[in-house]
Undergrad: 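Okay, here's the structure, questions in a sec.
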Protein chains: 2
Amino acid sequence: MATIVEVARLAGVSTSTVSHVLNDTRNVEPSTRAKVMAAIEKTGYRQDAVARAMRRARTDSIGLVVSDAGEPAFAEMVHGVEHAAAARGLTLVLANSAEDPVREERAVNTLLSRRVDGLIIARCAASSAAVSSRLESESPRPVVLLDRVFDNSPHDQVGADNRESMRRLVEHLQAAGHRRFLLVAGDQRVPTLVERFRGFRDAIRDADLPQQVVVDAVDMAEVREKVAAALEQGDATCVIASSTPLAVATLECLRDAGLTTPEQIAFAAFDGFSHSDLFRPTITTVRQPAFEMGAAAVSLLIDRLGAPDASPRTLRLNQTLELRESSENYRPGVS
Amino acid sequence: MATIVEVARLAGVSTSTVSHVLNDTRNVEPSTRAKVMAAIEKTGYRQDAVARAMRRARTDSIGLVVSDAGEPAFAEMVHGVEHAAAARGLTLVLANSAEDPVREERAVNTLLSRRVDGLIIARCAASSAAVSSRLESESPRPVVLLDRVFDNSPHDQVGADNRESMRRLVEHLQAAGHRRFLLVAGDQRVPTLVERFRGFRDAIRDADLPQQVVVDAVDMAEVREKVAAALEQGDATCVIASSTPLAVATLECLRDAGLTTPEQIAFAAFDGFSHSDLFRPTITTVRQPAFEMGAAAVSLLIDRLGAPDASPRTLRLNQTLELRESSENYRPGVS
DNA sequence: GCCGGACAGGAAAACGATTGATTGGGGAAC
DNA sequence: GTTCCCCAATCAATCGTTTTCCTGTCCGGC
């Protein structure tokens, strides 16, 4: 590859002039500019982003660490981040922690050593303190927490309105006559799932309903086991799963127990399945705006670059309650 | 951030010694090494990957351009690439062309200017010649084509055994009694879809079946329109969709036409839906090993780095035919 | 005719590492 | 005792840009 030196020589100017032409950072005589452009054309020169990043403060890249690249919701966030980043001329460096704190820490270190201009991260459930302090010490390089949102975080964050959405969902189901729920709440180290659980608890409390069954197992095999046991016991008329993997496990249990939805038991889930309209049963879903969350994270990052000292913001995007068959037509007292 | 210079000063050695300790690239006296390690510890020094990449030939990063980050199949490939790359200590730089040749070219240029050690790309349907020549002129920097595989490509490639899989699928359906198919073949600028179409054509020819209806529209609205028309005409007993988006459009048409699967018409699709076991109808699917394809692309890249002059390889991963309800229990002659 | 400012462009110092050439000291071999 | 080689460590060049000074020229105003 030709370098700026060769371009300069061919054009008969200094490298600084070439640089200024390239970046439009100083007036240059039209004739000089023309010579430079011609030389660039002739040599097929292209700027070297590495050298450029080396000299400047910025790399024009951002890092993204997701906790489970295999989950469709995270895939959508990645998509949203990529889209928003590209629109602003930023390149995306992607890493996946796969819910493993060791890999997460490694990923964060790698991205920071590559001098990304900012970092977006969906922290894994068992995220280590080392990562926390590493992220905090990175200021003023902006860090945005995605999806997994923490109280009193020193960072900007973007999450969903989990507590309120769960509340709305439960209220809807209650209005339809349900009194006894089974909540498959999942790993309570994950803030998102904690928020959903709290929304559930709030709604139950405010409606003066009796104690409900809650499954908070982490391991999916254990989830299935506990859900199966709860179904066996059999007083729930409605099951809510707090995430897609939990919904999968739960649906398997329902199927294995021979329970049909919504006739024998109602069902609803968070995050949902793709193309779910095409298949039966269609499932009542609280849908997370994953793409938009990714894009919003990029916006926060950019804003933060412009105002390093503003106090951290937490953005909560609205989820939408999509009512479908799995929670309809249930007749309390019939089953 | 501390630099290597400060570490060297603190340890009372030269920067080159620090570098050699860091990279384990030359023997250093244990006592010296200890001093260096202590200094690193004290300063909290971390290697700067940008400066490192600047000096060395490699950046320890690879670029990936996908043609539609929104598609689950591509999301899985991204996942596979990230996984394999991370396992080898490579960072992943991700870009999405969104099936837009302009964005694709921009993405390729960006990644190359960042000096990725190699590039994996799923070229978009209308990919420009400019991109082709740019990729070819990049040698010896390896380029691997992913999913969209071309004849006589100068690059390594990894795709699926589309032709054979389609053939097997059709043969299976034939054996079940089907004679008249509707193939929703999609955009014939996409090699993957061309291969699937050819497999279909081969199977039909070899079985001496009469001419079949093939929809090769690009725009989804047009696909729906043509599929609806073909269903109206009504002599097909079986529909095959060559990709997930096409399957979505087709299933919508079937639903709108009031046709149930498999009772009134059989259905099968390529690539498939996630968690499809949980919903009805379960769909007979030729499943693409998307994750593995991504991982294989990384392997080809690494191999190529070791042997720049070996002739290009095309890897075809096997797809699996997953038989499900949508193609079963069909009784030819009944409907 | 001199001064000051505007303007175009160049020289060279960074940025933070890696690495080839070089130095100096300490045996081993003769 | 000299030579030779090995070893550890340093020196300094280098990667390809950007950016800070700096120089020289031209022009207008007085």
Side-chain angles (χ1 to χ4, degrees), chain A residues 1-40 43-61 89 91 109-110 112-117 141, chain B residues 1-40 43-61 89 91 109-110 112-117 141:
Chain A
M1 268 308 264
T3 75
I4 202 174
V5 178
E6 299 165 55
V7 173
R9 192 172 43 216
L10 193 62
V13 300
S14 71
T15 60
S16 63
T17 298
V18 177
S19 173
H20 284 119
V21 167
L22 244 33
N23 300 304
D24 205 25
T25 164
R26 184 162 83 179
N27 260 1
V28 323
E29 198 71 354
S31 63
T32 312
R33 172 184 301 271
K35 281 189 295 182
V36 170
M37 296 309 279
I40 289 176
T43 55
Y45 168 80
R46 328 201 74 114
Q47 255 177 326
D48 181 317
V50 176
R52 192 153 194 263
M54 169 93 224
R55 181 60 230 259
R56 308 198 316 159
R58 324 185 32 163
T59 56
D60 294 319
S61 68
T91 323
N109 286 333
T110 301
L112 291 177
S113 89
R114 293 201 118 83
R115 291 213 223 140
V116 290
D117 291 342
R141 188 152 28 169
Chain B
M1 271 305 267
T3 73
I4 201 174
V5 178
E6 299 164 55
V7 173
R9 192 171 43 215
L10 193 63
V13 300
S14 72
T15 60
S16 63
T17 298
V18 176
S19 173
H20 285 121
V21 168
L22 244 33
N23 300 302
D24 205 26
T25 162
R26 190 163 76 178
N27 259 2
V28 322
E29 199 70 354
S31 64
T32 313
R33 171 185 301 270
K35 282 189 294 183
V36 171
M37 296 308 280
I40 289 176
T43 54
Y45 168 80
R46 329 202 72 114
Q47 254 177 328
D48 182 316
V50 176
R52 195 153 191 266
M54 170 91 224
R55 181 58 229 262
R56 307 198 317 159
R58 328 185 29 163
T59 56
D60 294 318
S61 67
T91 321
N109 285 333
T110 302
L112 291 178
S113 90
R114 293 201 119 82
R115 290 212 225 142
V116 290
D117 291 342
R141 189 153 27 173

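Only this structure's heavy atoms are used, side chains among them; waters, hydrogens and symmetry mates stay out. Computed from a predicted structure; not experimentally measured. Below, chain A is the first sequence line, B the second, and so on; all start at residue 1.
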Undergrad: Is there a side-chain polar atom (N or O) of B:Thr17 under 4.0 Å from OP1 or OP2 of D:dT10?
TA: yes
Undergrad: Compare side-chain N and O positions of B:Tyr45 against OP1 and OP2 of C:dG16 and report whether any pair is under 4.0 Å apart.
TA: no
Undergrad: Scan B:Ser19 against the nucleic acid and name what it touches under 4.0 Å (heavy atoms): base, sugar-phosphate only, or nothing.
TA: base
Undergrad: Ignoring the backbone of A:Glu29, work out which of D:dG16, C:dG10, C:dG9 is nearest its side chain.
TA: C:dG9
Undergrad: Could you work out which one of C:dA17, C:dT18, D:dT17 sits closest to the side chain of A:Asp48?
TA: D:dT17
Undergrad: Within the pair A:Arg52 and D:dT18, is there a side-chain N or O less than 4.0 Å away from OP1 or OP2?
TA: yes
Undergrad: Would you say the side chains of B:Ser61 and B:Arg114 form a donor-acceptor pair under 3.5 Å?
TA: no
Undergrad: Are side-chain N/O atoms of A:Thr110 and A:Ser113 paired as donor and acceptor at under 3.5 Å?
TA: no
Undergrad: Taking 4.0 Å as the cut-off, does a side-chain nitrogen or oxygen of A:Asn27 come that near to OP1 or OP2 on C:dC7?
TA: no
Undergrad: So, B:Arg55 and B:Asp48, do they make that salt bridge, N to O below 4.0 Å?
TA: no
Undergrad: May I ask you to test the B:Arg115-B:Met54 pair for a side-chain heavy-atom distance under 4.5 Å?
TA: yes
Undergrad: Students often get this wrong, so: under 4.0 angstrom with heavy atoms, is A:Arg46 touching a base, only sugar-phosphate, or nothing?
TA: sugar-phosphate
Undergrad: Judged by modelled atom types alone, do A:Arg52 and A:Asn23 share a side-chain donor-acceptor pair under 3.5 Å?
TA: yes
Undergrad: Under 4.0 Å between a side-chain N or O of A:Thr3 and OP1 or OP2 of D:dG16?
TA: no
Undergrad: By nearest atom, which of the nucleotides D:dA8, D:dT10, C:dG9 is closest to the A:Thr32 side chain?
TA: C:dG9
Undergrad: Describe the nucleic acid contact of A:Arg115 in one word from base, sugar-phosphate, nothing, applying a heavy-atom distance below 4.0 Å.
TA: sugar-phosphate
Undergrad: Measure NE2/A:His20 against C1'/C:dC7 and give the value in whole Å, please.
TA: 13 Å
Undergrad: Using only modelled atom types and a 3.5 angstrom limit, is any donor from either the side chain of A:Arg26 or the base of D:dT20 paired with an acceptor on the other?
TA: no
Undergrad: Take the protein atom CZ of A:Arg55 and the nucleotide atom C1' of D:dC15, then report the distance between them rounded to whole Å.
TA: 14 Å
Undergrad: Can you tell me whether the side chain of A:Ser14 and the base of C:dG9 have a donor-acceptor pair closer than 3.5 Å?
TA: no
Undergrad: How close or far is atom P of D:dT19 from atom CZ of A:Arg58, stated in whole angstroms?
TA: 12 Å
Undergrad: Round to a whole Å and report the spacing from CZ of A:Arg33 to P of C:dA8.
TA: 11 Å
Undergrad: Among C:dA8, C:dA17, C:dC15, find the nucleotide with the atom closest to the side chain of A:Met54.
TA: C:dC15
Undergrad: Could you state the atom-to-atom distance from CZ of A:Arg56 to P of D:dT20 in whole Å?
TA: 13 Å
Undergrad: Could you check how far CD1 of A:Ile4 sits from C1' of C:dA12, rounded to whole Å?
TA: 14 Å
Undergrad: Reckon B:Val13 touches a base, only the sugar-phosphate, or nothing at all at heavy-atom distances under 4.0 Å?
TA: sugar-phosphate
Undergrad: Starting at CG of B:Leu22 and ending at P of C:dT19, how long is that distance when rounded to a whole Å?
TA: 12 Å
Undergrad: Could you check whether any side-chain heavy atom of B:Val7 comes within less than 4.5 Å of a side-chain heavy atom of B:Thr3, counting everything from C-beta outward?
TA: no
Undergrad: Would you mind reading off the distance between A:Asn23 atom CG and D:dT19 atom C1', rounded to a whole angstrom?
TA: 11 Å
